[in-house]
Peer 1: 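Take this structure, written in structure tokens, and hold onto it; I'll ask about it next.
Nothing here was measured: the structure is a model prediction, and the numbers come from that model. Counting convention: from 1, in listed order, for ligands and their atoms alike.
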Amino acid sequence: MALTGVLRPGFAQLRVLDMEKSIEHYTKRMGLYEVTTGNDGRVYLKCGDEFDHHSLVLRKCDQAGIDMFAFKVASDADLDAFEARIVAYGFPVDHVPAGEQPGLGRRIGWTIASGHRIELYAHADLSDPKPMIHNPDVWDMEPHGMAARRMDHCLLYGPHIEKNLDFFTKVLDFKCAERVDMPDGLLAIWLTCSTKAHDIAFVNYPEPAKLHHVAFELKDWHAVGHAGDIITRYNISVDIGPTRHGITRGETIYFFDPSGNRDEVFAGGYTYYPDHPTRTWDETQVGKGIFYYERKMNEAFLSVVS
Ligand code: M3P
Ligand code: FE
């Protein structure tokens, strides 16, 4: 098996202002499933094609944003090995006991240079309901809403992303699939631990610990169009799209959840292998990189974060 170490994004924990409206948005509109509610009121959700217990956690708070982004690693031994490497790199690591989130084993967490909390864990219970395993149909529960298949990646805004690049590549064994270099320095990086074009991305930004978006994968371009219909039908605040990225090549639409956290649903994107070179963009073509059809930057897209 070639995929070892950090396997994939596991869950994002978002802060939301109104739990009822948020659940309606993520289940009825985006097509996730509600798994359970914890004793502390956090609500756990998952996408239709995910085997793990949950991939999105909603926490009620008076300020929107992201608490942490967590990755699943292949084994308990990996968790211990990464802890040693993270500590040796200079970041203090804390321990979250098994069961602090229902369905998950022990986790380790720490804060990266951009101010975001990242976590790793090795164990997740199988979700219930889960995709079929024996003689599987293409789906068990009929997809609904935007029919999000999996929580795919996030884009985080914060300072010192060149330090994030160093950390993720040296300590967590990620690769940099794409980067944008502006005359005044590194603007953005797309990092992958898999064969996806990105599992996490960062944009340089003065304020720490900000969320630009959490992204969910859809089946194809038609599904992105259907998501656009849902956004208009239910008067969801739309940001941009449907359009396409030059960077990662995803077909995409961005919108806001009821708390002002930005969501992306997208399809496509190229296959990345760890021997591929990093694709690079400069200030002359960055507009095309971000929005391939519009070929220009969008001020709101670049400046609105939660
Ligand atoms: C994506 C993606 C920005 C580009 C974002 C790209 C903020 O979200 O999924 O490729 O410049
Ligand atoms: Fe994205």
Peer 1: Could you check which of H212, R262, H198 puts a non-hydrogen atom nearest to atom 2 (C) of ligand 1?
Peer 2: H198
Peer 1: Taking 2.8 Å as the upper limit, name the protein N, O or S atoms near the Fe ion (ligand 2).
Peer 2: H153 NE2, H213 NE2, E264 OE1
Peer 1: Students should be able to answer this: which protein heavy-atom is nearest to atom 6 (C) of ligand 1, and at what distance?
Peer 2: H245 CE1, 3.4 Å
Peer 1: Quick check on the 6.0 Å ring-centre criterion: do F11 and Y44 meet it?
Peer 2: no
Peer 1: List ligand 1 atoms under 4.0 Å from H153, heavy atoms only on the residue side.
Peer 2: 9 (O)
Peer 1: For residues 200-225, which residue pairs qualify under salt bridge (charged side-chain N to carboxylate O under 4.0 Å, His left out), counting only residues two or more places apart or in two chains?
Peer 2: R149-E217, R150-E217, E207-K210
Peer 1: Between H144 and Y33, is the ring centre distance below 6.0 Å?
Peer 2: yes
Peer 1: Within 45 degrees of the ring normal and closer than 6.0 Å to the centroid, is that where the cationic atom of R29 sits relative to Y234?
Peer 2: yes
Peer 1: Starting from atom 3 (C) of ligand 1, find the nearest protein heavy-atom neighbour and note its residue, name and distance.
Peer 2: F301 CE2, 3.5 Å
Peer 1: Aromatic contact between F301 and H212, with the criterion being ring centroids under 6.0 Å apart: yes or no?
Peer 2: yes
Peer 1: Quick one: do H153 and F174 satisfy ring pair (Phe, Tyr, Trp, His ring centres under 6.0 Å)? Show the steps, please.
Peer 2: CA-CA 14 Å; H153 67 267; F174 280 55; over 10 Å; no
Peer 1: With heavy atoms of I290 as the reference, note each atom of ligand 1 found under 4.0 Å away.
Peer 2: 11 (O)
Peer 1: Which pairs count as salt bridge (charged side-chain N to carboxylate O under 4.0 Å, His left out) when at least one residue sits in residues 288-306, sequence neighbours excluded?
Peer 2: none
Peer 1: Check W190 against ligand 1 and report side chain, backbone, both or neither, counting heavy atoms closer than 4.0 Å.
Peer 2: side chain
Peer 1: Under a 4.0 angstrom heavy-atom cut-off, which atoms of ligand 1 come close to H213?
Peer 2: 1 (C), 8 (O)
Peer 1: Is R85 positioned over the aromatic face of F167, cation under 6.0 angstrom from the ring centre and no more than 45 degrees off axis?
Peer 2: no
Peer 1: Measure the distance from atom 10 (O) of ligand 1 to every protein heavy atom, then report the residue, atom name and distance (to 0.1 Å) of the closest one.
Peer 2: T248 OG1, 2.9 Å
Peer 1: Could I get the full list of side chain to side chain contact (heavy atoms under 4.5 Å, CB included) partners for E283, not counting sequence neighbours?
Peer 2: M182, P183
Peer 1: So for ligand 1, is Y157 a polar contact partner (N or O within less than 3.5 Å, distance only)?
Peer 2: no
Peer 1: Flag the pair H213 / Y254 as yes when their ring centroid distance falls below 6.0 Å, and as no otherwise.
Peer 2: yes
Peer 1: Check whether any N or O atom of Y254, backbone or side chain, sits under 3.5 Å from an N or O atom of ligand 1, and answer yes or no.
Peer 2: yes
Peer 1: Report yes if the side chains of W221 and F266 come closer than 4.5 Å at any heavy-atom pair, otherwise no.
Peer 2: no
